[in-house]
Number of protein chains: 2
Amino acid sequence: MNFSVSEENYIKSIYHLQQQTDLVTTNSLANELQTRPASVTDMLKKLQVKKILEYEKYKGFRLNASGKKVALSIVRRHRLWEYFLVTKLGFEWDKVHAIAEELEHVSSPELIRKLDDFLNHPTADPHGDPIPDMHGKIAVIKQLSIADVPENKNVVVSSVSNQSPDMLELLKHYHIGIGTGLKVTTRFSFDGSVEIKVSKYAPCIISELVAKNIFVYHD
Amino acid sequence: MNFSVSEENYIKSIYHLQQQTDLVTTNSLANELQTRPASVTDMLKKLQVKKILEYEKYKGFRLNASGKKVALSIVRRHRLWEYFLVTKLGFEWDKVHAIAEELEHVSSPELIRKLDDFLNHPTADPHGDPIPDMHGKIAVIKQLSIADVPENKNVVVSSVSNQSPDMLELLKHYHIGIGTGLKVTTRFSFDGSVEIKVSKYAPCIISELVAKNIFVYHD
DNA sequence: ATTATTTTTTAGGTTTGTCTAAATTTTAAT
DNA sequence: ATTAAAATTTAGACAAACCTAAAAAATAAT
Ligand SMILES: [Mn+2]
Ligand SMILES: [Mn+2]
Ligand SMILES: [Mn+2]
Ligand SMILES: [Mn+2]
């Protein structure tokens with residue numbers, strides 16, 4: 001089946017929202033897409049007709065199996081393009097999301113196959129998020145935010161959930177990127193701030209807000 | 001100013017048509033875009049309001065200076081992407097047009113600047129057509145079709161105007177590509193066919209139709 | 001258990017880009 | 001110079017995707 005740019009954006013947003021809460025609500029989706037609840041309801045009816053989601057009036061909705069498959073293929077395109085933009089074109093990773101938001105809608109399967117080959121089948125995008133494979137299979141990475149990780153345990157940064165320029169600026173300052181090794185040395189209960197030791201650098205303190213946005217691998 | 005995908009497609013098509021005939025007609029544009037004359041008239045009014053073209057009812061229309069600039073930036077994006085698809089992703093050049101037709105509308109100047117850097121500032125696309133530079137400057141390549149080139153003169157293939165898979169198949173058979181050196185040895189007036197000698201290969205005969213679609217540099 | 005608040009849906013409109021059919025203008029043919 | 005044909009424009013409609021305002025349903029508060 002074929003989907004419009006708008007439909008694809010809705011499908012992808014529903015997918016992301018239902019990672020957190022199984023059943024998605026009209027308001028949360030409207031908020032995510034920066035649109036009006038009435039518009040969401042309109043689109044839901046369309047997607048229901050296309051048999052992409054389960055929808056019970058006033059209750060909520062979720063993608064069904066084929067909806068998830070569509071979503072994962074959009075996510076795949078998005079993350080492959082992000083990877084391309086950073087590793088090949090030299091973009092910083094706070095600039096790639098908006099562009100990938102457009103590129104993800106270019107609808108040639110052959111293009112994505114060849115792009116994936118060209119990039120040597122990357123498994124994670126520049127923000128550390130896993131790239132679904134051709135068949136829609138996505139690695140489930142067990143993660144924990146720095147705010148929750150045990151003290152004095154060596155961990156590796158897996159992803160960063162806030163991808164704003166301001167966040168990137170701060171991370172550069174702390175010498176933190178995807179793959180960086182670090183360890184939490186002290187936790188301060190007054191403001192939730194955390195002292196960390198990043199590879200060979202002197203220990204430093206990060207705010208609770210920053211700590212909550214940095215995720216590390218967890219077994 | 002900002003243009004929709006549809007507007008961009010119209011602008012680019014007008015640009016291409018007015019390379020041949022200064023004043024473009026409604027029917028020819030409708031034919032080019034596979035749409036209806038009435039739709040063309042509608043769009044012309046919109047583009048006129050946006051001060052992109054000169055338009056006299058029932059007479060015809062042409063892009064003005066700023067319209068041409070917009071067109072050239074779309075052509076630039078299209079051809080850079082085609083170059084990328086062939087040289088980096090390994091597409092054959094009969095497959096890239098449709099994909100570039102979508103990619104050209106991704107609207108990030110920074111993306112195109114970086115793509116151009118990444119590709120090392122190519123000056124021609126895979127079909128031999130010149131790529132306009134950042135400022136909209138496009139090389140005017142003097143060309144002559146093989147059907148018109150003088151006999152026994154060594155020439156170099158500059159571009160191929162028919163980009164169908166069938167044409168590509170034939171050209172591969174003849175060992176002809178962009179940059180190939182060849183020379184017309186005999187011209188047969190019965191059917192307009194032409195005997196050519198391609199680099200080190202034995203002479204061969206190409207039909208008038210093929211000859212008319214292959215262009216060579218001309219001083 | 002009512003009442004108030006919030007969430008969601010419906011009703012009715014707007015914009016963009018398309019279409020068909022009819023009217024108008026231009027061009028070609030007699 | 002008329003008439004016929006072709007090209008172009010106008011008129012009116014339609015689908016997609018959005019909106020606001022009002023109605024309906026679900027939740028929360030008294
Ligand atoms: Mn998008
Ligand atoms: Mn990402
Ligand atoms: Mn296009
Ligand atoms: Mn080309």
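Below, read A as the first sequence line, B as the second, and so on, with proteins coming before strands; counting in each chain starts at 1.
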Quiz prompt | N or O in side chain of A:Tyr55 less than 4.0 angstrom from C:dT8 OP1/OP2 | solution = no
Quiz item: Taking for each residue the nucleotide of DNA chain D with the nearest heavy atom, is it A:Met43 or A:Lys59 whose nucleotide lies nearer the 5' end?
Solution: A:Met43
Practice problem: Enumerate the residues from residues 20-33 of chain A whose closest heavy atom to DNA chain D is under 4.0 Å, giving them by residue number; use none for an empty result. | Solution: none
Exercise. Could you note down all residue pairs passing salt bridge (charged side-chain N to carboxylate O under 4.0 Å, His left out) where residues 13-37 of chain A supplies at least one of them, sequence neighbours left out?
Key: A:Asp22-A:Arg62
Quiz item: Do the side-chain N or O atoms of B:Ser39 get closer than 4.0 angstrom to the phosphate oxygens (OP1, OP2) of C:dC19?
Solution: yes
Quiz item: Separation of A:Lys45 atom NZ from D:dC18 atom C1', in whole Å?
Solution: 14 Å
Quiz item: Which residues in residues 6-18 of chain A have at least one heavy atom lying under 4.0 Å from any atom of DNA chain D?
Solution: A:Ser6, A:Tyr10
Quiz item: Does B:Thr41 have a side-chain nitrogen or oxygen under 4.0 Å from the phosphate oxygens OP1 or OP2 of D:dT10?
Solution: no
Practice problem: Could you pull out all residues at least two apart from B:Asp166 that satisfy salt bridge (charged side-chain N to carboxylate O under 4.0 Å, His left out)? | Solution: none
Quiz item: Can you tell me if the side-chain N/O atoms of A:Lys57 get under 4.0 Å from OP1 or OP2 in D:dA24?
Solution: no
Self-check item: Aromatic centroids of A:His127 and A:His97 separated by under 6.0 Å
Solution: no
Quiz item: To the nearest angstrom, how far is A:Asp42 atom CG from C:dT10 atom P?
Solution: 9 Å
Quiz prompt | Set of side-chain contact (heavy atoms from CB on, under 4.5 Å) partners for A:Pro150, sequence neighbours left out | solution = A:Leu144, A:Lys153
Practice problem: List the atom of A:Glu92, the atom of A:Lys172, and the distance in Å for their closest heavy-atom pair. | Solution: OE2-NZ, 2.9 Å
Self-check item: Upstream residue (5' side of DNA chain D) when B:Tyr58 and A:Thr35 are each assigned their closest nucleotide
Solution: B:Tyr58
Exercise. For B:Glu110, enumerate each residue passing the salt bridge (charged side-chain N to carboxylate O under 4.0 Å, His left out) test, keeping only those at least two apart in sequence or located in another chain.
Key: B:Arg113, B:Lys114
